[in-house]
Amino acid sequence: MTLRLYDTRTRTVRPLQLQRPGHVGVYVCGPTVQATPHVGHLRSAVVLDVLHRWLLATGHTVTFVRNVTDVDDKIIHDAGHNDEPFWALATRMMNAFTRAYDAVQVLPPTVEPRVTGHLPQITALIALLVDNGTAYESGGDVYLSVKAVPSYGEISHQDPNKLRQGEADDTLKRDPLDFALWKAAKPGEPQWPSPWGPGRPGWHIECSAMAVEYLGTAFDLHAGGLDLVFPHHENENAQSTAAGHAFATTWLHHGLVTAKGGEKMSKSLGNSVLVSDALRQVPAPVLRYALGSAHYRSTVEWSDQVVADAAAAYDRIATFVRNATEAVGETAPVEQPGWEEFAAALDDDLGVPQALAVLHGAVRRGNTQLADRELAGLAGTLGLVRRMLTVLCLDPISDWPTSGSSELTPVVDRLVALVVDARAQARERKDWAQADALRDRLTEAGIVLEDTADGVRWRLA
RNA sequence: GGCCGGGUGGCCGAGUGGCUUAGGCAAGGGCCUGCAAAGCCCUGUACGCGGGUUCGAUUCCCGCCCCGGCCUCCA
């Protein structure tokens, strides 16, 4: 069984085709580092992280490229507003994105190229397009001639002639469809030298140049949000095609996050929930579960209900892992019967929801084994569950070890034991009022007691 | 206006031409428990509306309604 993915260009789910067997080259359109990340950005990262981890889990080596757009109109504008250099703002925001990714354990990309570090590659690509006649210089700008690319529209399935034209304020274009590869410098703006005079790259050309720099002219997978299909990916493809590059074999797009009104979450709509705020509301693994548990192509609505459901589901899983580990000791993740079903779900266009159904089935089985004291079977189930959780980066033990204060654990353990002993004495003389009062005091302190066949277990609420 | 996606039980969310019709949450019942907690079992019988194709459609086709995305920056 090999991984099959939905390809936007052909609109089909088909086996992932690779340039080199065993190796996957992935290019992801990362953020424009203009503002702090919201949960929509994080959904993108989480969804593609599951893809990344699944490719690794199935034995591939992966070159995972996620670019950073660190110069563009908005960054320049906002920086000017703050009276700071554009690169200071860009760096600050890039760091905020990195912190957000780290918070939910997104694997770092193999390389994280920035536009400002690739001007030579970008200008070289533009020069190639000018030389072969598909692009033209006009007043210090350079534009791609869309009509020179017959395949234009093949990614987004748009008919160029039916596109609603925006404000035709740019008289430098030969055709309204043409788009800028290079923008002549305006006074006071960041600029780099080029054969067409000082300026800076257009938005789309950077990705074409950086993808080729790190993955070659033909590579396996190009991914990004659904909102990038047009014009960004269409234009990227057009430029690269015009340059004679095969470019990406498969184009993958994930769904967006909506805010309360059902509208797409975005900074410009003013309905963003910042990652930093979300993390104050929910634990990081729950945030990861909430953003990653729906199918990657579906829309996720960000609501209290969704968050609460994610918390309940994750807690159920985490509780099982914790209880089972207490019963049979720490068990290494291992693939065993049940794994195939999980793998088949992920191979089918990253069917995370079905995979989670398999996972929950295993958890239920494990809980039964735990109750029946079938410890040998339980150990196996625990290993399987943890193996599945590892792919999703949701394993409470290896991915989300209880944070900090480990040196306090033995101390708390003894203090709790003190109360548990007192409660046990109360229970022995059937003084339920006293027993419950002691338990209530612990509950107030955030400690939950559970009476089991093996004695009393405690945990933090 | 053009292109695209979606409307599934109380909620979220998969999926399928008919079969024991995912999974989670919530609800009700039961088991376990002194009571809880955790867990297990059972129950709920859903597919926007109207046509059509079919022995049979939630699943295919057509029309309609509604929601959302893109056509401007956007994960």
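So that the names make sense, note that chain A is the first sequence line, chain B the second, and so on, each numbered from 1. The model shown is predicted, which means the values in this text are computed figures rather than measured ones.
With hydrogens and angles left out, the side-chain atoms of A/Asp72 and A/Gln34 include no donor and acceptor closer than 3.5 Å.
Counting any heavy atom pair closer than 4.0 Å across all strands shown, A/Val448 reaches sugar-phosphate atoms only and no base atom. Residue-level contact check: A/His254 touches the bases, meaning some heavy atom is under 4.0 Å from a base atom. Within the 4.0 angstrom heavy-atom criterion, only backbone atoms of the sugar-phosphate kind lie near A/Gly224; the bases stay farther away. Residue contacts shown for A/Arg459 are limited to sugar-phosphate atoms, with no base heavy atom under 4.0 Å away. Residue contacts shown for A/Thr32 are limited to sugar-phosphate atoms, with no base heavy atom under 4.0 Å away. Residue A/Leu226 is out of contact with every strand shown, counting any heavy-atom pair closer than 4.0 Å. When heavy atoms are screened at a 4.0 angstrom cut-off, A/His38 is found touching base atoms of the nucleic acid. Contact annotation for A/Gly30: backbone-only contact, meaning every heavy-atom pair under 4.0 Å involves sugar-phosphate atoms and none involves a base. Within 4.0 Å of A/Asp73, counting heavy atoms only, lies no atom of the nucleic acid at all.
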Item to complete: Under the side chain to side chain contact (heavy atoms under 4.5 Å, CB included) rule, what do A/Val33 and A/Phe97 come out as? Steps first, then yes or no, please.
Response: CA-CA 8 Å; A/Val33 283; A/Phe97 269 85; 4.0 Å; yes
Discussion item. The test is salt bridge (Lys or Arg N to Asp or Glu O under 4.0 Å); show your working for A/Asp395 and A/Arg386 and say whether it passes.
Written reply: CA-CA 6 Å; A/Asp395 183 56; A/Arg386 292 194 59 204; 2.9 Å; yes
Fill in: Test side chain to side chain contact (heavy atoms under 4.5 Å, CB included) applied to A/Asn82 and A/Arg92, step by step
CA-CA 13 Å; A/Asn82 297 349; A/Arg92 199 146 38 79; 4.2 Å; yes
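If you check distances only, the side chain of A/Arg439 does reach the base of B/rC35 with a donor-acceptor pair under 3.5 Å. For B/rC35, the base has a donor-acceptor partner in the side chain of A/Asp451 [N/O atoms by modelled type, under 3.5 angstrom]. In this model, a side-chain donor or acceptor of A/Asp436 finds a partner on the base of B/rG34 within 3.5 Å. Within 3.5 Å, a donor on the side chain of A/Lys74 pairs with an acceptor on the base of B/rC73, or the reverse.
Contact check, A/Lys264 against B/rC70: a side-chain N or O comes under 4.0 Å of OP1 or OP2. Note on A/Arg11: a side-chain N or O is less than 4.0 Å away from OP1 or OP2 of B/rC4. For B/rC12, the OP1/OP2 oxygens have no side-chain nitrogen or oxygen of A/Ser293 closer than 4.0 Å. For B/rA14, one of the phosphate oxygens OP1 or OP2 lies less than 4.0 angstrom from a side-chain nitrogen or oxygen of A/Ser298.
With P as the reference atom, B/rG24 and B/rG39 are 11 Å apart, rounded to whole Å. Using C1' as the reference atom, B/rG13 and B/rC65 are 24 Å apart when rounded to the nearest Å. One P atom belongs to B/rG10, the other to B/rG28, and the distance between them is 16 Å to the nearest Å. B/rG17 sits 6 Å from B/rU59 when the C1' atoms are compared, rounded to a whole Å. One C1' atom belongs to B/rA38, the other to B/rG18, and the distance between them is 41 Å to the nearest Å. Comparing the P positions of B/rC49 and B/rC66 gives an interatomic distance of 15 Å, to the nearest angstrom. B/rG44 and B/rG7 have their P atoms separated by 24 Å, given to the nearest Å. One C1' atom belongs to B/rG69, the other to B/rG9, and the distance between them is 27 Å to the nearest Å.
A salt bridge between A/Lys183 and A/Asp73 is present, with a side-chain N of the basic residue lying under 4.0 Å from a carboxylate O of the acidic one. Here A/Arg439 pairs with A/Asp436 in a salt bridge; the nearest charged N to carboxylate O distance falls below 4.0 Å. A/Arg423 and A/Asp431 are not joined by a salt bridge, as no carboxylate oxygen comes within less than 4.0 angstrom of a charged side-chain nitrogen.
Searching all strands for a Watson-Crick or G-U wobble partner of B/rG10 with both distances below 3.5 Å returns B/rC25. B/rU53 makes up no base pair with any nucleotide shown, lacking Watson-Crick or G-U wobble contacts both under 3.5 Å. The partner of B/rG1 is B/rC71, judged by Watson-Crick or G-U wobble contacts that both fall below 3.5 Å. Partner assigned to B/rG39 is B/rC31, using Watson-Crick or G-U wobble distances below 3.5 angstrom.
Between A/Leu274 and the options A/Leu42, A/Leu279, A/Thr36, a side-chain contact (heavy atoms from CB on, under 4.5 Å) holds for only A/Thr36.
Side-chain atoms of A/Pro31 lie closest to B/rA75 of the nucleotides B/rA14, B/rC73, B/rA75. Of the candidates B/rG34, B/rG69, B/rA38, the closest approach to any side-chain atom of A/Arg427 belongs to B/rG34. Among the nucleotides B/rA38, B/rA75, B/rG34, the one closest to the side chain of A/Glu450 is B/rA38. For A/Thr368, the side-chain atoms get nearest to B/rC40 when compared with the rest of B/rC35, B/rC70, B/rC40.
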Measure all distances between protein nitrogen or oxygen atoms and nitrogen or oxygen atoms of nucleotides 22-28 of chain B, and list the pairs falling under 3.5 Å.
unit_1: B/rG23; atom_1: O2'; unit_2: A/His360; atom_2: ND1; d: 3.2
unit_1: B/rG24; atom_1: OP1; unit_2: A/Arg364; atom_2: NH2; d: 3.0
unit_1: B/rG24; atom_1: N2; unit_2: A/Asp309; atom_2: OD2; d: 3.0
unit_1: B/rC25; atom_1: O2'; unit_2: A/Asp309; atom_2: OD1; d: 3.1

Nucleotide N/O of nucleotides 7-9 of chain B paired with protein N/O under 3.5 Å:
none

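Within the 3.5 Å criterion, the main-chain N or O of A/Ala90 finds no donor-acceptor partner in the side chain of A/Asp70. Checking side-chain atoms of A/Glu84 against main-chain N and O of A/Ala79 turns up no donor-acceptor pair under 3.5 Å.
Annotation for A/Trp87: atom CH2 does not count as buried by contact number, only 12 or fewer foreign heavy atoms lying within 6.0 Å. In A/Arg14, the CZ atom is crowded: over 12 heavy atoms of neighbouring residues, nucleotides or ligands sit closer than 6.0 Å.
Both A/Arg457 and A/Ser266 lie close to RNA chain B; mapped to their nearest nucleotides by heavy-atom distance, the more 5′-ward contact belongs to A/Arg457. Between A/Ala294 and A/Val39, it is A/Ala294 whose nearest contact on RNA chain B lies nearer the 5' terminus.
Across the protein-nucleic acid pair, A/Leu252 atom CG and B/rG5 atom C1' stand 15 Å apart, rounded to whole Å. Across the protein-nucleic acid pair, A/Leu442 atom CG and B/rA36 atom C1' stand 13 Å apart, rounded to whole Å. The nearest whole Å value for the distance from the CG atom in A/Asn367 to the P atom in B/rA38 is 12 Å.
Ring geometry for A/His222 versus A/Tyr27: interplanar angle of 30 to 60°, hence tilted.
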